K.L.:
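Pasting in a structure now, in structure tokens, and then I'll have a few things to ask.
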Amino acid sequence: MSATSVLQIRPLAAPFGAEVLDIDLSQPMEAAAFERLHQAWMRHLVLVFRDQTSISPEDQIAFSARFGELLPAQIKKYALKGHPAIGVVSNAKDETGEYIGIPNSGRNWHTDFQFDRRPPDATFLVSRELPAEGGNTLYADMYAAYDALPREMRERIAHMRVIHSRVKAWPVLYPDRAPLRPEDAAQMPDVSHPMVRTHPVTLRKALYIGGNMAIGIEGMADGPAMRLIHELRDFAVGPRFTYSHRWRTGDAVLWDNRCTMHCATSYDDTKYRRVMHRTSMGPAVPV
Ligand code: SIN
């Protein structure tokens, strides 16, 4: 098994997504194989790589870098030691009793870092330790959700822009954390992104309405704006548009933030450890 052998792409028993078999991401990958992989990713949106038990942090970085510029871990103190571009998502603690990663990351429908001006195109999540039950990751196909909207709704939202604010959302989302210091808040300007974005490769349109830091829509009163965002989000996460990934030992998953949302689910963290290594790549302004 090597990263250059003929790729086996098997669609998942789900509305979208595919498994990639017979590939070892710890091995170098030729340009032609990467091209086929990229095409499969464009087609299936979420790729599940099975049996990646030998992928090292260096391999993860090398593979991720093929998808564009690597972003640093979102929270510096939860970067993997010696690897500033790998963010750890985990409930495990070190010998001093500190979490080694973000314990409850992403337990809401979102696309990664939608609150940034240049959110990443792609995310690659490598499982390192998994709970025996729970801890699935849910994915939603935002092309399909957009395509299924009534024509009047597609026309209505065509030019809307959703406003995201880390500063305003902070006290609501993190009541247990210290308030933001003014110098930190100054680093987190509000951003707005199109509610419907066009994928630069497939040229398909996708809803872009994830995240729990959305606070409104430009030019619209807060109440109706938030009702519309919630209505669209509820619609987009219906069973016909979603896939629930039950992680297996050795799984690594690549997803496209330009046309999917995802949501981490809970597990018994008093009983189990879950350790995931995340890389985020290809920051770009959504259009
Ligand atoms: C994330 O939202 O990036 C984390 C997903 C997960 O841990 O399942």
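As the structure lists them, so they are numbered: ligands from 1, and atoms in each ligand from 1. Here the structure is a predicted model, which is why all the values come from computation and not from measurement. The chain is numbered in sequence order, starting from 1.
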K.L.:
Taking the side chain as every heavy atom from C-beta outward, state whether His277 and Gln60 have any atom pair closer than 4.5 Å.
P.N.:
yes

K.L.:
Can you name the atoms of ligand 1, numbered from 1 with element, that are less than 4.0 Å from a heavy atom of Gly106?
P.N.:
2 (O)

K.L.:
Checking side chain to side chain contact (heavy atoms under 4.5 Å, CB included) between Glu19 and each of Gln8, Arg50, His44, which is the one that passes?
P.N.:
Arg50

K.L.:
With the side chain counted from C-beta on, respond yes when Leu12 and Tyr139 share a heavy-atom pair under 4.5 Å apart, and no when they do not.
P.N.:
no

K.L.:
When you look for heavy atoms under 4.0 Å from ligand 1, do you find them on the side chain of Thr123, its backbone, both, or neither?
P.N.:
neither

K.L.:
Can you give me the closest heavy-atom contact between Met153 and Leu228, atom names plus distance?
P.N.:
CE-CD1, 3.8 Å

K.L.:
Ligand 1 and Trp247, any nitrogen or oxygen pair closer than 3.5 angstrom?
P.N.:
no

K.L.:
Taking side-chain hydrogen bond (donor to acceptor under 3.5 Å, both in side chains) as the definition, give me every residue that meets it alongside Arg181, ordered by chain and number, with sequence neighbours left out.
P.N.:
Asp184

K.L.:
Show me which atoms of ligand 1 lie under 4.0 Å from any heavy atom of His110.
P.N.:
2 (O)

K.L.:
Of the options His199, His193, His164, His110, which is the one that meets Tyr208 in a ring pair (Phe, Tyr, Trp, His ring centres under 6.0 Å)?
P.N.:
His193

K.L.:
Below 4.0 angstrom from a heavy atom of Asp112, which ligand 1 atoms are there? Numbered from 1 as shown, please.
P.N.:
3 (O)

K.L.:
For residues Ile209 and Trp109, determine if any side-chain heavy atom of one lies less than 4.5 Å from a side-chain heavy atom of the other.
P.N.:
no

K.L.:
Mark up the atoms of ligand 1 that fall under 4.0 Å of a heavy atom belonging to His262, in ascending order.
P.N.:
1 (C), 2 (O), 3 (O)

K.L.:
Do me a favour and list the nearest non-hydrogen protein atom to atom 8 (O) of ligand 1 with residue, atom name and distance?
P.N.:
Thr137 OG1, 2.5 Å

K.L.:
Residue-level breakdown please: for Leu125 versus ligand 1, do any non-hydrogen atoms fall below 4.0 Å on the side chain, on the backbone, on both, or on neither?
P.N.:
side chain

K.L.:
Between Ile55 and Val88, is there shared hydrophobic-cluster membership here, with clusters defined by ILVMFWY side-chain heavy atoms closer than 4.5 Å?
P.N.:
yes

K.L.:
Among all protein heavy atoms, pick out the one at the shortest distance from atom 4 (C) of ligand 1; state its residue, atom name and that distance to 0.1 Å.
P.N.:
Arg278 NH1, 4.0 Å

K.L.:
Suppose we measure from atom 7 (O) of ligand 1 to each protein heavy atom; which comes out shortest, and what is that distance?
P.N.:
Arg274 NH1, 2.9 Å

K.L.:
Looking at ligand 1, does His245 have a heavy atom less than 4.0 Å from it?
P.N.:
no

